[in-house]
Amino acid sequence: MTERSGRPLAVFDLDNTLADTAHRQRFLRRRPRDWDAFFAAAPADPPIEEGVRLARERARACEIVYLTGRPERCRRDTLDWLAAHGLPPGEVHMRRDADRRPARRTKLETLRRLARDREIRVLVDDDELVCADAEAAGFPVLRARWAAPSAELKDAQEGQGRT
């Protein structure tokens with residue numbers, strides 16, 4: 001957690017926005033899906049340079065907040081990954097372990113809570129449904145289109161409530 005500064009917030013998603021999940025998609029193609037292996041492989045995600053560069057740039061004018069659909073049990077690995085790749089410090093908002101609601105609902109709920117006392121300057125996310133709902137709610141959005149789209153990840157985010 002970081003101390004609240006009053007600066008506007010730049011809110012960044014992780015998977016396929018800052019972290020390349022391509023190497024672990026294979027765990028979502030199996031039936032049943034191997035969620036434990038999928039999340040256990042996250043520390044090996046390579047950074048996506050466009051997203052990392054943007055987070056560093058935005059940190060000059062904004063406080064950075066990370067908003068992910070990853071479950072809370074992945075917090076330590078997530079914090080270690082952010083630090084290892086030199087991302088700016090910031091609060092990390094994660095899905096409760098048993099929360100299976102679609103990412104567009106959980107993320108919008110968190111954005112609204114953050115916006116109660118802070119300006120949201122931008123949400124950067126790869127999920128089209130999250131982006132569309134955030135825009136409809138009045139939040140400025142930058143779509144992270146620098147990673148290859150994944151049908152498995154989209155289903156995990158929206159249908160399975162997993163990431």
Side-chain angles (χ1 to χ4, degrees), residues 1-24 39 41-96 99 101-150 153-154 156-158 161-163:
M1 297 276 267
T2 61
E3 186 176 308
R4 291 210 177 255
S5 67
R7 295 187 330 160
L9 302 177
V11 181
F12 282 81
D13 172 47
L14 294 177
D15 292 338
N16 285 349
T17 298
L18 298 173
D20 186 346
T21 66
H23 73 101
R24 54 188 170 113
F39 289 118
D45 288 354
I48 299 174
E49 288 308 315
E50 281 183 85
V52 171
R53 182 175 48 254
L54 184 61
R56 289 176 181 149
E57 288 171 7
R58 292 294 176 130
R60 288 187 219 129
C62 298
E63 184 175 319
I64 301 299
V65 171
Y66 301 99
L67 176 57
T68 180
R70 292 180 185 185
E72 184 64 41
R73 69 180 178 276
C74 298
R75 181 170 291 277
R76 177 65 350 212
D77 285 344
T78 299
L79 294 173
D80 290 347
W81 188 91
L82 290 166
H85 295 288
L87 279 128
E91 290 183 12
V92 177
H93 296 267
M94 304 181 85
R95 180 190 299 273
R96 291 185 318 270
D99 189 346
R101 293 175 297 150
R104 69 184 182 273
R105 288 191 52 216
T106 60
K107 288 185 175 185
L108 190 57
E109 194 174 271
T110 301
L111 285 170
R112 284 183 171 134
R113 189 172 62 249
L114 291 169
R116 277 186 238 155
D117 52 66
R118 300 293 288 283
E119 174 195 352
I120 307 289
R121 181 74 49 89
V122 68
L123 165 67
V124 183
D125 202 302
D126 69 307
D127 185 321
E128 285 295 326
L129 295 173
V130 168
C131 291
D133 283 4
E135 282 179 329
F139 294 104
V141 171
L142 192 158
R143 283 169 169 76
R145 292 186 171 137
W146 37 80
S150 163
L153 189 59
K154 182 176 181 175
Q157 291 170 324
E158 296 304 325
R162 292 287 190 152
T163 185

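If you're wondering where the values come from, they're calculated on a predicted model, not measured in any experiment. Computed over heavy atoms, backbone and side chain alike; hydrogens, waters and symmetry mates excluded.
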Note: M94 and C74 closest approach over all heavy atoms is CE-C, 3.8 Å
Kindly indicate, with the supporting measurements, whether the criterion salt bridge (Lys or Arg N to Asp or Glu O under 4.0 Å) is fulfilled by E63 and R121.
CA-CA 10 Å; E63 184 175 319; R121 181 74 49 89; over 6 Å; no
Residues K107 and D13 bridged, charged N to O under 4.0 Å
yes
Applying side-chain hydrogen bond (donor to acceptor under 3.5 Å, both in side chains), can you list everything that pairs with E72, at least two apart in sequence or on another chain?
R75
Do V11 and T110 pass the side chain to side chain contact (heavy atoms under 4.5 Å, CB included) test, and can you show the C-alpha distance, the side-chain angles, and the key distance before you say yes or no?
CA-CA 10 Å; V11 181; T110 301; over 6 Å; no
At their closest point, which heavy atom of L18 faces which heavy atom of A55, and how far apart are they?
CD2-CB, 4.3 Å
Hey, could you give me the NE2/CZ distance between H85 and R56, rounded to the nearest 0.5 Å?
10.0 Å
Does the pair D15 and R24 meet the rule for a side chain to side chain contact (heavy atoms under 4.5 Å, CB included), with working shown?
CA-CA 11 Å; D15 292 338; R24 54 188 170 113; 2.9 Å; yes
Is there a side-chain contact between V130 and L123 (heavy atoms, below 4.5 Å)?
yes
Given the options D77, D99, D45, R70 meets salt bridge (charged side-chain N to carboxylate O under 4.0 Å, His left out) only with D45
Ignoring hydrogens, what is the shortest heavy-atom contact between I48 and A147? Give both atom names and the distance.
CD1-CB, 3.9 Å
Enter the distance from L14:CG to T21:OG1 here, rounded to the nearest 0.5 Å.
11.0 Å
Residues Y66, T78; criterion side chain to side chain contact (heavy atoms under 4.5 Å, CB included); working and verdict:
CA-CA 10 Å; Y66 301 99; T78 299; over 6 Å; no
CZ of R101 to CD of E109: how many Å apart, nearest 0.5 Å?
4.5 Å
Heavy atoms, side chains only, cut-off 4.5 Å: are T68 and R95 in contact?
no
Side chains of I64 and L87: closer than 4.5 Å at any heavy-atom pair?
no
Please check if any side-chain donor atom of D125 sits under 3.5 Å from a side-chain acceptor atom of T17, or the reverse.
no
Do the non-hydrogen side-chain atoms of R58 and P88 ever get within less than 4.5 Å of each other?
no
Testing the basics here: between F139 and I120, what is the closest heavy-atom pair and its distance to 0.1 Å?
CE2-CG1, 3.7 Å
F39 versus P43, closest heavy-atom pair with distance:
O-CD, 3.9 Å
Could you go through the side chain to side chain contact (heavy atoms under 4.5 Å, CB included) check for L54 and W146 one step at a time?
CA-CA 12 Å; L54 184 61; W146 37 80; 4.0 Å; yes
Just wondering, do L108 and R112 contact through their side chains at under 4.5 Å, heavy atoms?
yes
Between L9 and E91, is there a side-chain heavy-atom distance shorter than 4.5 Å?
no
Minimum heavy-atom separation for R7 and R118, please, with both atom names.
O-NH2, 2.5 Å
